[in-house]
Amino acid sequence: MIKMRDIAGAAVAEAIPRQRELGTNPYEMVLAQLDGVGKELDLDRGLLEILKRPERVVEVSVPVVMDDGRIEVFTGYRVQHNSARGPYKGGIRYHPDVTLDEVKALAAWMTWKCAVVNIPYGGGKGGIKCDPTQMSEGELQRMTRRYVTMLLPLLGPEKDIPAPDVNTNATIMDWIMDTASIFSGHYLPGIVTGKSVELGGALGRREATGRGVTIITKEVLKRLGMSLQETTVAIQGYGNVGSVSATLLAQEGCRIVGVSDISGGFYNPNGLDIPDINRYVRTSPGHLLRGYTARGAAPISNEELLTLQADVLIPAAMECQITEENAPEVRARVIVEGANGPTTPEADLILEERGIYVVPDILANAGGVVGSYFEWVQSLQAFPWTEEETNARLARIMSQSFAEVWECARERSVTLRKAALMLAVNRVAEAIRRRGIFP
Ligand code: GLU
């Protein structure tokens, strides 16, 4: 079975169907966000139309011989949203709720994410509708290799570079690299990032998203005059993003009062023992929090986690978690979006009215793709860096990007989300203008 501990943000999937029933479509969120920013930037209507649509959408049917001999056919997608600033870049997600609109939204967010931190990439995303928790390693490997083979003409170090996302990890990236290398006839490490370190994965890449979330949290607290020692934090999702954020923020002196994953969560107003929780999930079934016990750690639901008494809320699971239903109850002063698209546009308005600072996903969780960028550079140059080098460069990019977004928000009197989107969309639009519309 796949190692759940390595999986990025593999939590709180259970809350998604509920939101879907409420009619929240992530791609509609993208369009609503773009309309808002287009107005603010006075963007040409034609350019806005280009940005609203992915450049290319691919759907593949992926037949897999399951361990019991049955053939199962999975639906997979790769959406290439925009390549004006560089090759398409973005993860691949394995989840039962994957839809084309979700992948389209995630691909667009990757375009803005790479632009806001100013790394030379466009945006893309992939996904397969499947339940990896119910599949053997052999089934997962066959599905991955077949999916990649079907997309091969579109992938490449200068074309489109996948990476891990929800329910995918270094092992899966290794299979992708191997499949592409076999077909190319030579070793091709630059085709994918988030590989295992033994195969050219960057030291520090696995922790980069959580490290980036931590850097951003420190930056925002500094601006608000809040000390780390006096800050309480609640984290939804205990996958790669949530657990690393919890670990690093606890090391910085913050009190982590609540954590949760798909199996439920825990609350302790005096602070949870994060190293103890990490020890527990290392060997727990599915690497989930279920079954954890500690004095003072009261069980809570995912819903309860979002409205806990905590200064900082870090949604680090799935999209559409903070909605118009629960936004009025959120008690945090700051939200740092570790997940992609965790806040609906309706909730955003409520949070804005309530004066809650929201550091948007495209900035807050960009540490992952910045780490990927470093890995890609190292793979292309066949020249590995030390973990210290990676972490120092990551900190520089994250802090500088945060400062730019913060300044823009102040100058234009807009939210951090709008400021981040304005900077990002402007960079992409400028690249399109300079390149011109072919032919
Ligand atoms: N899946 C991660 C994200 O959503 C990382 C993408 C990448 O490194 O290309 O940002």
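None of these values were measured; they are calculated from a predicted model. Atoms within a ligand are numbered from 1 in the order they appear, just like the ligands themselves.
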Study note, to complete from the structure: Nearest non-hydrogen protein atom to atom 5 (C) of ligand 1, with distance, is Arg205 NH2, 3.7 Å
Point to revise | Part of Lys125 with heavy atoms under 4.0 Å of ligand 1, whether side chain, backbone, both or neither | key: side chain
Point to revise | Point-to-point distance, once rounded to the nearest 0.5 Å, from OG of Ser260 to CG of Asn302 | key: 3.5 Å
Review point. Is it the case that Asn365 and Thr209 place a side-chain donor and acceptor less than 3.5 Å from each other?
Key: no
Review point. Would you say Met173 touches ligand 1, if touching means a heavy atom closer than 4.0 Å?
Key: no
Check your understanding: Salt bridge or not for Arg145 and Asp178, using N-O below 4.0 Å?
Key -> yes
Point to revise | Shortest protein contact, atom 9 (O) of ligand 1 (heavy atom only) | key: Lys89 NZ, 2.8 Å
Check your understanding: Do any N or O atoms from the side chain of Thr168 and from the backbone of Asp165 form a donor-acceptor pair under 3.5 angstrom?
Key -> yes
Practice item. Consider ligand 1: state whether an atom of it lies below 4.0 angstrom from any non-hydrogen atom of Met110. Key: yes
Point to revise | ligand 1 atoms in contact with Gly90 (distance to a heavy atom under 4.0 Å) | key: 9 (O)
Exercise for review: Check each atom of ligand 1 against the heavy atoms of Val369 and keep those under 4.0 Å away; list them by number with element.
Suggested key: 7 (C), 8 (O), 9 (O)
Exercise for review: Say whether Pro164 and ligand 1 are in contact under the criterion: heavy-atom distance to a ligand atom below 4.0 Å.
Suggested key: yes
Point to revise | Nearest heavy-atom neighbours spanning Phe266 and Tyr292 | key: CZ-O, 3.2 Å
Check your understanding: Which heavy-atom pair separates Ala180 from Ile191 by the least distance, and what is that distance?
Key -> CB-CD1, 3.4 Å
Practice item. Could you check atom 7 (C) of ligand 1 against the protein and tell me its nearest heavy-atom contact, residue, atom and distance included? Key: Ala163 CB, 3.3 Å
